[in-house]
Enquirer: 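Below is the structure I would like to discuss, written out as structure tokens.
Below, read A as the first sequence line, B as the second, and so on, with proteins coming before strands; counting in each chain starts at 1. Just so we're clear, the structure is a prediction, and the values are computed from it rather than from any experiment. What's counted below: heavy atoms across the whole structure, side chains too, no hydrogens, waters or symmetry copies.
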Number of protein chains: 4
Amino acid sequence: MPEALRDLARRVSNWGRWGADDERGTINFITPEVVRRAAACVRRGTVFSLGLPLGAAGPQIGQGGRVNPIHLMSAIDGRLGAAPDAPRYSDDFVTMPLQCATQWDSLAHVYYDGQLYNGFPASTLTAAGAARNAIDRLGPGIVSRGVLLDLARARGVERLAPGQVIGPADLEAAEAAQGVRAGSGDVLLLRTGHLALFTRDGDRVAYMRQMPGLGIAAVPWLHAREVAAVASDTNAVEVIPFEDPAVPLPVHQLCIRDMGLTLGEMFDLDALAADCAADRVWEFLFSAPPLKVTGGVGSPLNPLAVK
Amino acid sequence: MPEALRDLARRVSNWGRWGADDERGTINFITPEVVRRAAACVRRGTVFSLGLPLGAAGPQIGQGGRVNPIHLMSAIDGRLGAAPDAPRYSDDFVTMPLQCATQWDSLAHVYYDGQLYNGFPASTLTAAGAARNAIDRLGPGIVSRGVLLDLARARGVERLAPGQVIGPADLEAAEAAQGVRAGSGDVLLLRTGHLALFTRDGDRVAYMRQMPGLGIAAVPWLHAREVAAVASDTNAVEVIPFEDPAVPLPVHQLCIRDMGLTLGEMFDLDALAADCAADRVWEFLFSAPPLKVTGGVGSPLNPLAVK
Amino acid sequence: MPEALRDLARRVSNWGRWGADDERGTINFITPEVVRRAAACVRRGTVFSLGLPLGAAGPQIGQGGRVNPIHLMSAIDGRLGAAPDAPRYSDDFVTMPLQCATQWDSLAHVYYDGQLYNGFPASTLTAAGAARNAIDRLGPGIVSRGVLLDLARARGVERLAPGQVIGPADLEAAEAAQGVRAGSGDVLLLRTGHLALFTRDGDRVAYMRQMPGLGIAAVPWLHAREVAAVASDTNAVEVIPFEDPAVPLPVHQLCIRDMGLTLGEMFDLDALAADCAADRVWEFLFSAPPLKVTGGVGSPLNPLAVK
Amino acid sequence: MPEALRDLARRVSNWGRWGADDERGTINFITPEVVRRAAACVRRGTVFSLGLPLGAAGPQIGQGGRVNPIHLMSAIDGRLGAAPDAPRYSDDFVTMPLQCATQWDSLAHVYYDGQLYNGFPASTLTAAGAARNAIDRLGPGIVSRGVLLDLARARGVERLAPGQVIGPADLEAAEAAQGVRAGSGDVLLLRTGHLALFTRDGDRVAYMRQMPGLGIAAVPWLHAREVAAVASDTNAVEVIPFEDPAVPLPVHQLCIRDMGLTLGEMFDLDALAADCAADRVWEFLFSAPPLKVTGGVGSPLNPLAVK
């Protein structure tokens, strides 16, 4: 890791901030006060689902061994009892990567120098799962105020181009245009428009291989704003190709490992963004509880926004 | 099915109530007005997770082929790039029944006479999943006002006994004792205390084989109250052994197939109930979005209650 | 199904030939005498493995929901006991379609008119698997004399072209060129050379979508010869595109459903064929026992040829 | 590891014997000459399947995370084409531990002191599987002469008791009683009768927790005889409880890691043993090719014995 990045890592580090045993990171910014304010954002009672379907038609193309969910029925028209007219039931299984579609990364997902967020050693990761920073440690969350920044709309384009870097100026321009400001404990949702390559055009490869996203310069901005989590409509939240080809996933490294900030990926923000543009309200109650997979590194999600 | 039950089925039927194509059933009771009232229940900003851990230590004992989740790592200390000091990542898979722990049934789960809720034919259930009434149709839900009735506390016992039937009088006694009333669009959470057999005593077999729960007489009560969903801390919500041994899962049949009312199972209500007993507030914002598994018959959950 | 095909089906039918309960079909041709002759084919003591690797690099491209095997470790460097210097162990899981690489079809795989081989009704196929004609019924087999016919070599080409039909004349020309004759109870292995598109060129799509293979006219020839099974180096054994676009998988239909003849797919015959060409011996002991998956429709394999 | 065991490990070590890169161990004893002699054992042409069924009714009780196979259908009565009378097909998946029933251990399964068989470092074992000594390295095997020793019959009991140690004297007594001798390259099958606890009595726990089996003293005997592999009708081949409670799985350690000798577990030897007792012939052609799972630590099997 280049020295400049190490300097930045030290500046944005939250290690120890919530105690030596903390495994929740910036989720700690979601105080009861924040939750109360989040609930107060519900004005119309309209609910938006931000989750992609989980099935064979998902976005995965095999990268890193990730495949789309395999959904199989274990019972179809199964008889409850022996009578010919007995009631029937169905039942089913799924096999899936925990990060195959709309999902949270846990704080055990990316790290360097042999240490995870808050200094836990990499040896806590074994075939038994993540003994530290696992997704199940985020159980009572994540519910908070959500703030959507529509970077595409702010630039007047349908979607940002793959490789386009989102920096502090872009974020603040969107805030200004929308009349909203991300603050402590908020979940920040970033719409790039990139998802349409998959959902509208059906081009998985174009969607998964390259994407617009956060650049390194956005990291101290996120730190200063004290957001609880950041999610986007891309597979990585951060920009790909990377700003420095020699430094893979720098935003993941700094956010997850140093700040303890969870990333949410492949959120479908299109319907929500259209609604926000219509009523000019870009804040809402946001609820996306991860499945409490013991030792899990991530969790599939169906995040909700309630306006 | 006995004729008396068929009569009851006709009385509580919601087929056609929300249109011939409806696949959401009583979730339709959750109007924007209900959601607004739900949000207004957030007073302290405290969040409770009602989901059991998803892992090998889960409650399943193999009944009906259901096993506990198999969580396996697909990457441990994987290197991002070729450099020896490259950043690392972890990744993982899960294989699980969709109804192995805390979960929603979809409206395709139980049926009789060859028809599912709203008259869809049983032939819509194939190896490809549920073409109708699948869990993904409940995407933008379930968020509503939650009302907890603590049946054990109302009776002054630690837990109801297996086989103990919960009827309208029990439900109303709990309402009266707690000073709360379940109404249209509410999600009703029923605590029996039975879960402690698993979570405290570690006796999976005792927990899964028999249980206290709703009796048939409660069904018209649920219908009259227009609740949107009912969940409990047992594996079946309804009482086992069944009231009539010749009629398996009658409450499932009537609720899911005739009323179109979703059941939630194995909710961990103990911490929430203790809190409600302490502050005497038994209503809260409830959020439990199902995973949008395409054609899924159920969904694992981490339901949240926000007070 | 066209009437001409129905006529052919009746002519090649083996229903009832080995009793009304038979679920093994032409495997019944493998008599003890055939097994003894097979063993007598072992002259040098050289063993050839005809199985493709089972892993993420397999040939599947998602057709019909088939994916490549997902192999995950459940224990890595796991400690046997508490001592720091305790011995260690590893353990693993696989999730895979039973027909994802080198494999046998069971006699429950393809059928028509609501009846499987030997007249068993299609209703014997449920979410619980195949109650009739499942792969586990072939347990004590398949060991017999193997005869390899190298169709590509016989035509003097590297590989047959996709869509090229193999008929009786082709089979007999190869027999004549090689000085061998397939007879009762033999397992017939057909090399087309098509596999190189995958194993050498890495072109999964070209390998899986179209292929040379048996045409309908070969079916009565197989019936007359009384071969016990037929395997090839392609995904379908039969030619694709089909001879009549309106009749999908006719050879599967006639062989599996009417004759009760098992098909083996994606066998890697290249090294064996090179050896046979060198020593001019095209017969050998063949052993390919299917996994006894209860109710299984197919089985992954590592077939062996012993010369 | 106690010093006495380390001494023994050095004495029986085969490291380097077949070259520094060898990953096949004692399978190397199976020379072409051995294979020819094996084929010559086929006299009657009778085939015995030694594999247990693979399904939900298997022997696993969850030890070490091992579960029974989960077999699910991915297609039932699926239509090939659009016509109502189109032919139909079925297809299926399995999720299973590679060592859940009748199976081979690979030489990557058990080790100590950070080194696997032939000195490969433990770091070759990762979430991607076993880079060394994996089961796919045994592809062209295992076919050889099989020799069955029926320890229960030799002692005149129905089954050996759990905890009963099998030593060189027991093996030689059985050889003498049966008139057979295990030699270089043979696969040695040891019948204890213990399997009946599962297959006849249905007592999985009794079958899996404790068992009769090889003691440490048998290891140098196996080494001297140069057998290629050893399999038994128990889950461990070796005796449990262990001879020294402080030394877990000593026979696994010495055989797999030091000798490079594969162990076969949960072989169903009962029908074969009855036949051998009847015709007094205890040798046969043995064929049990492992699935070539890339990086696999074990393989499910359907081993065949041909007499």
Enquirer: Is D:Pro69 in contact with chain C via its backbone, its side chain, both, or neither, using a 4.5 Å heavy-atom distance?
Expert: neither

Enquirer: Check whether D:Leu249 gets within reach of chain C through its side chain, its backbone, both or neither, counting any heavy atom under 4.5 Å.
Expert: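 Interface part for D:Leu249: side chain.
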
Enquirer: Heavy-atom cut-off 4.5 Å, strictly under: side chain, backbone, both or neither for D:Val306 against chain C?
Expert: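 Interface part for D:Val306: side chain.
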
Enquirer: Look at C:Val110, C:Val94, C:Leu80 and state which one has the largest set of heavy-atom pairs under 4.5 Å with chain D.
Expert: C:Val94

Enquirer: Relative to chain C, which of D:Gln99, D:Met1, D:Arg66, D:Glu33 shows the most heavy atom pairs under 4.5 Å?
Expert: D:Arg66

Enquirer: May I ask you to test the D:Leu138-D:Arg24 pair for a side-chain heavy-atom distance under 4.5 Å?
Expert: yes

Enquirer: Under 4.5 Å heavy-atom distance to chain D, tell me which part of C:Ser106 shows up: side chain, backbone, both or neither.
Expert: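 When you check distances to chain D, no heavy atom of C:Ser106 falls under 4.5 Å.
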
Enquirer: With heavy-atom distances below 4.5 Å as the criterion, would you say the side chains of D:Leu285 and D:Val143 are in contact?
Expert: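 Touching, per the 4.5 Å side-chain cut-off.
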
Enquirer: Could you tell me if the side chain of C:Leu54 sits less than 4.5 Å from the side chain of D:Lys292, heavy atoms only?
Expert: no

Enquirer: Any chance you could measure D:Thr199, atom OG1, to D:Met266, atom CE, to the nearest 0.5 Å?
Expert: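 The CE atom of D:Met266 is 12.5 Å from OG1 of D:Thr199, to the nearest 0.5 Å.
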
Enquirer: Do the rings of D:Phe286 and D:Phe267 sit parallel, tilted or perpendicular, given the 30° and 60° boundaries?
Expert: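 Ring orientation, 0 to 90° scale: parallel.
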
Enquirer: Is the shortest distance from a Lys or Arg side-chain nitrogen in C:Arg6 or C:Asp113 to a carboxylate oxygen in the other one below 4.0 Å?
Expert: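 Yes, C:Arg6 and C:Asp113 are salt-bridged.
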
Enquirer: At a heavy-atom separation under 4.5 Å, does D:Arg44 approach chain C through its side chain, its backbone, both, or neither?
Expert: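 The backbone, not the side chain.
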
Enquirer: How many angstroms lie between atom NE2 of C:His71 and atom CE of C:Met73, to the nearest 0.5 angstrom?
Expert: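 Interatomic distance, C:His71 NE2 to C:Met73 CE, rounded to 0.5 Å: 6.0 Å.
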
Enquirer: Based on non-hydrogen pairs under 4.5 Å, which of D:Cys41, D:Ala86, D:Ala83, D:Pro97 is most in contact with chain C?
Expert: D:Pro97

Enquirer: Tell me, for D:Leu52 versus chain C, whether the close heavy atoms (under 4.5 Å) come from the side chain, the backbone, both or neither.
Expert: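 It is the backbone, since no side chain atom gets that close.
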
Enquirer: If you measure from the Lys or Arg side-chain nitrogens to the Asp or Glu carboxylate oxygens, is any gap between D:Glu283 and D:Arg43 under 4.0 Å?
Expert: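 Judged by the 4.0 Å cut-off on N to carboxylate O distance, D:Glu283 and D:Arg43 do form a salt bridge.
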
Enquirer: Do C:Cys255 and C:Leu263 touch side chain to side chain, with heavy atoms closer than 4.5 Å?
Expert: yes

Enquirer: Is there a donor-acceptor contact under 3.5 Å from the side chain of C:Asn68 to the main chain of C:Gly58?
Expert: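 Pair found, side chain donor or acceptor close to backbone of C:Gly58.
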
Enquirer: Can you tell which of C:Ala127, C:Ser74, C:Gly65, C:Ala122 has the highest number of heavy-atom pairs within less than 4.5 Å of chain D?
Expert: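 Of C:Ala127, C:Ser74, C:Gly65, C:Ala122, C:Ala127 has the most heavy-atom pairs under 4.5 Å with chain D.
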
Enquirer: Let's test your reading of the structure: which of D:Thr95, D:Val47, D:Asp92 forms the most heavy-atom pairs below 4.5 Å with chain C?
Expert: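 Ranked by heavy-atom pairs under 4.5 Å with chain C, first place is D:Asp92.
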
Enquirer: Quick check on D:Leu301 against chain C: is it the side chain, the backbone, both or neither that has a heavy atom closer than 4.5 Å?
Expert: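 Answer is backbone: N, CA, C or O of D:Leu301 sit under 4.5 Å from chain C.
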
Enquirer: Just give me the residue among C:Ala82, C:Gly129, C:Ala40, C:Pro140 that pairs up with chain D most often, heavy atom to heavy atom, under 4.5 Å.
Expert: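 Ranked by heavy-atom pairs under 4.5 Å with chain D, first place is C:Pro140.
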
Enquirer: May I ask you to check if D:Arg257 and D:Tyr112 form a cation-pi contact, with NZ or CZ under 6.0 angstrom from the six-membered ring centre and within 45° of the axis?
Expert: yes

Enquirer: For D:Ser123, is it the side chain, the backbone, both, or neither that has a heavy atom closer than 4.5 Å to a heavy atom of chain C?
Expert: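 For D:Ser123, there is no contact with chain C at all, as no heavy atom is under 4.5 Å.
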
Enquirer: Given the options D:Thr31, D:Val42, D:Val247, D:Leu304, which has more heavy-atom pairs under 4.5 Å with chain C than any of the others?
Expert: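 Answer, by heavy-atom pair count under 4.5 Å with chain C: D:Leu304.
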
Enquirer: In terms of heavy-atom proximity below 4.5 Å to chain C, should D:Asp136 be classed as side chain, backbone, both, or neither?
Expert: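 Looking at D:Asp136, nothing touches chain C.
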
Enquirer: Under a 4.5 Å cutoff for heavy-atom pairs, which residue among D:Thr46, D:Leu125, D:Asp91, D:Asp85 has the most contacts with chain C?
Expert: D:Asp91

Enquirer: So does D:Asn133 get a backbone contact from the side chain of D:Glu23, meaning a donor-acceptor N/O pair under 3.5 Å?
Expert: yes

Enquirer: Return yes if a side-chain donor-acceptor contact under 3.5 Å exists between D:Tyr111 and D:Asp258, otherwise no.
Expert: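 No.
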
Enquirer: Counting heavy-atom pairs under 4.5 Å with chain C, which one of D:Ala75, D:Gly81, D:Gly296, D:Ala101 comes out on top?
Expert: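 Ranked by heavy-atom pairs under 4.5 Å with chain C, first place is D:Gly296.
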
Enquirer: Among C:Gly55, C:Gly295, C:Gly78, which residue has the highest count of heavy-atom pairs closer than 4.5 Å to chain D?
Expert: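 The residue among C:Gly55, C:Gly295, C:Gly78 with the greatest pair count is C:Gly295.
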
Enquirer: Examine whether an atom of D:Leu98 lies under 4.5 Å from a heavy atom of chain C, and if so say whether it belongs to the side chain, the backbone or both; otherwise answer neither.
Expert: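 Both backbone and side chain.
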
Enquirer: Of the listed residues (C:Val34, C:Val35, C:Leu116), which shares the most heavy-atom pairs with chain D below a 4.5 Å separation?
Expert: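 It is C:Val35.
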
